[in-house]
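Whatever order the structure lists them in is the order used to number ligands and atoms, beginning at 1.
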Amino acid sequence: MKTENTDDLLFEAVRLARLAGQIQLRHFRSRSMGIEVKQQNDFNVVTSADKESESLIISAIRQAYPDHAILAEESGATDGEAGYRWVIDPLDGTTNFSAGLPIFSVSIAVELDGDPIVGVVFAPYLDELFTAVKGEGAWLNGNPISPSVTTSLSSAVVSTGFPYDKAQNPDNNLDNVARVMPLVRGLRRLGSAAVDLCYVAAGFLDGYWELNLNRWDIAAGSLIAREAGACVTSFRDDRGYSLIAATPAVHPLLAQLIE
Ligand code: IPD
Ligand code: CA
Ligand code: CA
């Protein structure tokens, strides 16, 4: 198996995230967003920017790394032979994007034998580029980041999200919200899981939890949060990826409340 240079993988992931971000900014708040409903669920939408971003990213990876596997939200999985896999959410936060709200991102991770080694999350409207390399730390626009030093829930600002099947399935996180909301300084719903994880990494949020996420939502952001020094754990294994990410002192306090 050919061993790739991690700096080259990071460079390519950043280059592609920035190109996808340019596509998104061209469509954002325009009349050409091409919004379509996915899986006959009015809450789950896809836009032309999701599709154009993904096809740009995938065709560049296929050209540069033809033996790497790819998992991408809109087009699914392609096998590879090299042990490397690119995990791509071309536009995380499509509900925000389609409404004209500025929190959305491109999320690209590279895994080696199932373990994320490079993570890139780029929020183009905010011009925030989060990067991490396994064992080397995490950065925001090239500057090292670390989680907050908050130690209590009463001084914590935390975020969460809700699954797309929230109307049909009562296991929709409202029970956790009812327990957490009265105890924290602020509870937010930002709308991009990748950004939530990066904001924990950078100390802009003290904690974040969500259930029923997909690999592409969290592969890059959870590496960035861990490399920055945040605690990231799974709180259940029966609903996709269900994560609590928080600054070390707040993590056990949140974990007691969330199920
Ligand atoms: C969604 C966002 C959102 C989260 C959803 C995700 P998408 O991703 O990350 O914040 O609450 O669970 O599916 O659909 O915009 O790529
Ligand atoms: Ca997503
Ligand atoms: Ca997406």
Determine all donor-acceptor pairs shorter than 3.5 Å in which one atom belongs to a side chain in residues 13-24; sequence neighbours excluded.
from: R15; atom 1: NE; to: E12; atom 2: OE1; distance (Å): 2.9
from: R15; atom 1: NH2; to: E12; atom 2: OE2; distance (Å): 3.1
from: Q24; atom 1: NE2; to: S53; atom 2: OG; distance (Å): 3.1
from: Q24; atom 1: NE2; to: P90; atom 2: O; distance (Å): 2.7

Count the heavy atoms of every other residue, nucleotide or ligand shown that sit under 6.0 Å from [atom1] of [X], and state whether that count exceeds 12.
| X | atom1 | result |
| --- | --- | --- |
| K134 | NZ | no |
| D238 | CG | yes |
| N5 | CG | yes |

Take the Ca ion (ligand 2) and tell me which protein N, O or S atoms are nearer than 3.0 Å. D89 OD2, D92 OD1, D217 OD1
Taking the side chain as every heavy atom from C-beta outward, state whether [X] and [Y] have any pair of such atoms under 4.5 Å apart.
| X | Y | result |
| --- | --- | --- |
| F235 | T233 | no |
| Y84 | L9 | yes |
| Y199 | F130 | yes |

Salt-bridge criterion met for R236 and D171 (N-O under 4.0 Å): yes
Tracing side-chain contacts under 4.5 Å among Ile, Leu, Val, Met, Phe, Trp and Tyr outward from Y164 reaches F43
What short N/O contacts, under 3.5 Å, does ligand 1 make with the protein, listed by atom pair and distance?
from: ligand 1; atom 1: 8 (O); to: D92; atom 2: OD1; distance (Å): 3.0
from: ligand 1; atom 1: 9 (O); to: D92; atom 2: OD1; distance (Å): 2.7
from: ligand 1; atom 1: 9 (O); to: D92; atom 2: OD2; distance (Å): 3.3
from: ligand 1; atom 1: 9 (O); to: A193; atom 2: N; distance (Å): 2.9
from: ligand 1; atom 1: 10 (O); to: R189; atom 2: NH1; distance (Å): 3.0
from: ligand 1; atom 1: 10 (O); to: G191; atom 2: O; distance (Å): 3.1
from: ligand 1; atom 1: 10 (O); to: S192; atom 2: N; distance (Å): 3.1
from: ligand 1; atom 1: 10 (O); to: A193; atom 2: N; distance (Å): 3.4
from: ligand 1; atom 1: 11 (O); to: R189; atom 2: NH1; distance (Å): 3.0
from: ligand 1; atom 1: 11 (O); to: R189; atom 2: NH2; distance (Å): 3.0
from: ligand 1; atom 1: 11 (O); to: E210; atom 2: OE1; distance (Å): 3.3
from: ligand 1; atom 1: 11 (O); to: E210; atom 2: OE2; distance (Å): 2.5
from: ligand 1; atom 1: 12 (O); to: E210; atom 2: OE2; distance (Å): 2.8
from: ligand 1; atom 1: 14 (O); to: Y164; atom 2: OH; distance (Å): 2.6
from: ligand 1; atom 1: 15 (O); to: G93; atom 2: N; distance (Å): 2.7
from: ligand 1; atom 1: 15 (O); to: T94; atom 2: N; distance (Å): 2.9
from: ligand 1; atom 1: 16 (O); to: E73; atom 2: OE1; distance (Å): 3.3
from: ligand 1; atom 1: 16 (O); to: D89; atom 2: OD2; distance (Å): 3.2
from: ligand 1; atom 1: 16 (O); to: L91; atom 2: O; distance (Å): 3.3
from: ligand 1; atom 1: 16 (O); to: D92; atom 2: OD1; distance (Å): 3.4

